There are 2 protein chains.
Amino acid sequence: MKLVKKANAHHHGALREALLAEAERVIDTQGLEALSLRSISRAVGVTHAAPTNHFGDLTGLLSELAADGLRRLAQHLHTAIRVAGPGLRERAHAMARAYLHFAIEHPGLLVLMSRSAHLDPTRPALREAMEQASRVLDDFADEIQKAKGVDPVRAAAERTALRALIHGYSALLIDGRLERTLAALPEGTTAESFFDVVLDVIDFP
Amino acid sequence: MKLVKKANAHHHGALREALLAEAERVIDTQGLEALSLRSISRAVGVTHAAPTNHFGDLTGLLSELAADGLRRLAQHLHTAIRVAGPGLRERAHAMARAYLHFAIEHPGLLVLMSRSAHLDPTRPALREAMEQASRVLDDFADEIQKAKGVDPVRAAAERTALRALIHGYSALLIDGRLERTLAALPEGTTAESFFDVVLDVIDFP
DNA sequence: ATCGGAAACTTTCCACTGTCAACTGTCCAA
DNA sequence: TTGGACAGTTGACAGTGGAAAGTTTCCGAT
């Protein structure tokens, strides 16, 4: 029965998902530059023009993939914050650690998300996913704002510092530019355990 | 006399520099993705295979360009630190501000430097330039180490935090992902002036 | 002075890419 | 039954980077 479906040359059945899965596999193992529309089509067993029906063009496919990644990241961060202890510092660390964890597990996906040149922000799925991810940070920012003094500039600065620190550390790590630093640390120190110390350079009350 | 030189079809004279200059122009105005070996060759008035003599392949050209950028950046940071006041905080801020300034003026170049997939680190010029740039940071790190307590892990964390914060803020800004944050700030606040406040989230003694 | 080779650039070719237009088969609803 | 809409295919096009081989120029050794 399945063979009949397989033999059908014009209805793959779940091509959209298959293409996204293959694209994510390539992007996380060989990197974004190694990905090509034609190669993933081949890997999925379909001709090179098939993806057009589902994604339009390459930036369309990448945008959907990025949207999916953003949704998962937002979910990941959200539960990390929710599960963490009550303190502001604990929650901030939990979120940051969750982000780093995601970056280590899906390096290509994270690179893709921060490469606006390859994405089409007018796609509804991407736009929504970006807003969903922002909302996690914004909610947390509100918390900081409430907990600390109400100087709005200072609050924005703290939020931005946290964001920049997380993004910067992840990017440096993924790009292999922390290797020397990590190698000089005491035996057994991992990128993740060191990140906790780095985060403490920002003081949360 | 010059016309004779110009008419010479086989000796451009300064092709190497011309190619690098054109590549930098494209990269800083249209972005890294818009650059192609053939287009810059055309712009310089030479066939597409000419660059091979000077750079080998595309990653060769990009590596030389990145090396040049790194040298200039290192120089820029070095003088910023040297010129700044005596305090540790002043010097750190001066360096960070210089970095951001460079990022704003040469966004494409900065992106290129942090995209290891396009670079060939075995090229001597690149390797040297990377070490030169690292040295600026390392020297400054030693200063921090001396000025503050001698816990090496804590010192490494502070250095890394500063690095990640600078890199992260620049990357977010270049990618246009700070626009909403900046728009919500008081009138007249620029990305650069706000950066000073962000940097203060890390406390230097 | 010239001869030989190295350096610099051109030409030609190849494999590959993304995008487009035209076609074919399949399924479902009027 | 028939007519689209959907989901693929096929084939062409312009563009890319790279390799190979040919051409022109220069320059140093003899």
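Computed from a predicted structure; not experimentally measured. Just so it is clear: chains get the letters A, B, ... in the order the sequence lines come, proteins before strands, and each one is counted from 1.
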Side chain to side chain contact (heavy atoms under 4.5 Å, CB included) between B:L119 and B:M113, worked out: CA-CA 8 Å; B:L119 304 178; B:M113 292 179 206; 5.6 Å; no
For B:E33, salt bridge (Lys or Arg N to Asp or Glu O under 4.0 Å) partners two or more places apart: B:R115
Residues that A:R71 engages under salt bridge (Lys or Arg N to Asp or Glu O under 4.0 Å), provided they are two or more places apart: A:D68
Looking at [range], who's got a heavy atom less than 4.0 Å off DNA chain C?
range	answer
residues 107-124 of chain A	none
residues 14-32 of chain A	none
residues 43-70 of chain A	A:H48, A:A49, A:D57, A:L58

Set of side-chain contact (heavy atoms from CB on, under 4.5 Å) partners for B:N53, sequence neighbours left out: none
Nearest non-hydrogen partners of A:P107 and A:I104, listed with the distance: CD-O, 3.5 Å
Heavy-atom closest contact (A:L162 atom, A:L199 atom, distance): CD1-CD2, 4.1 Å
So, [X] side chain and [Y] main chain: donor-acceptor pair closer than 3.5 Å or not?
X	Y	result
A:S114	A:L110	yes
B:D28	B:L109	yes
A:S63	A:L126	no

Degree of bending in the helix from C:dA1-D:dT30 to C:dA30-D:dT1 once both end axes are built from five pairs, to 10°: 10°
Distance test, side-chain N/O of A:R38 to OP1/OP2 of D:dT16, below 4.0 Å: no
Short side-chain N/O contact from B:R42 to OP1 or OP2 of D:dT16, under 4.0 Å: yes
Could you go over nucleotides 5-7 of chain C and give all protein N or O partners under 3.5 Å, atom names and distances?
none

Within residues 34-53 of chain B or reaching into it, pairs that qualify as ring pair (Phe, Tyr, Trp, His ring centres under 6.0 Å) - sequence neighbours excluded: none
With a 3.5 Å cut-off and sequence neighbours excluded, list the donor-acceptor pairs that the side chains of residues 13-23 of chain A form with protein atoms.
unit_1: A:R16; atom_1: NH2; unit_2: A:E64; atom_2: OE1; d: 3.3
unit_1: A:E22; atom_1: OE1; unit_2: A:R25; atom_2: NE; d: 3.1
unit_1: A:E22; atom_1: OE2; unit_2: A:R25; atom_2: NH2; d: 3.0

Side chain to side chain donor-acceptor pair (under 3.5 Å) pairs, two or more places apart, involving residues 165-191 of chain B: A:S116-B:D175, A:R159-B:T181, B:T190-B:S193
Can you give me every donor-acceptor pair (side chain of residues 74-81 of chain A, partner residue at least two apart or in another chain, under 3.5 Å) with its distance?
unit_1: A:H76; atom_1: NE2; unit_2: A:A98; atom_2: O; d: 3.4
unit_1: A:T79; atom_1: OG1; unit_2: A:H76; atom_2: O; d: 3.2

Greater than 12 external heavy atoms within 6.0 Å of A:M130's CE: no
Separation of D:dT16 P from B:L37 CG (nearest whole Å): 10 Å
Nearest-Å distance for atom pair CD1/P, residues A:I40 and C:dC16: 17 Å
Carboxylate-amine/guanidinium contact A:E24 A:R72, below 4.0 Å: yes
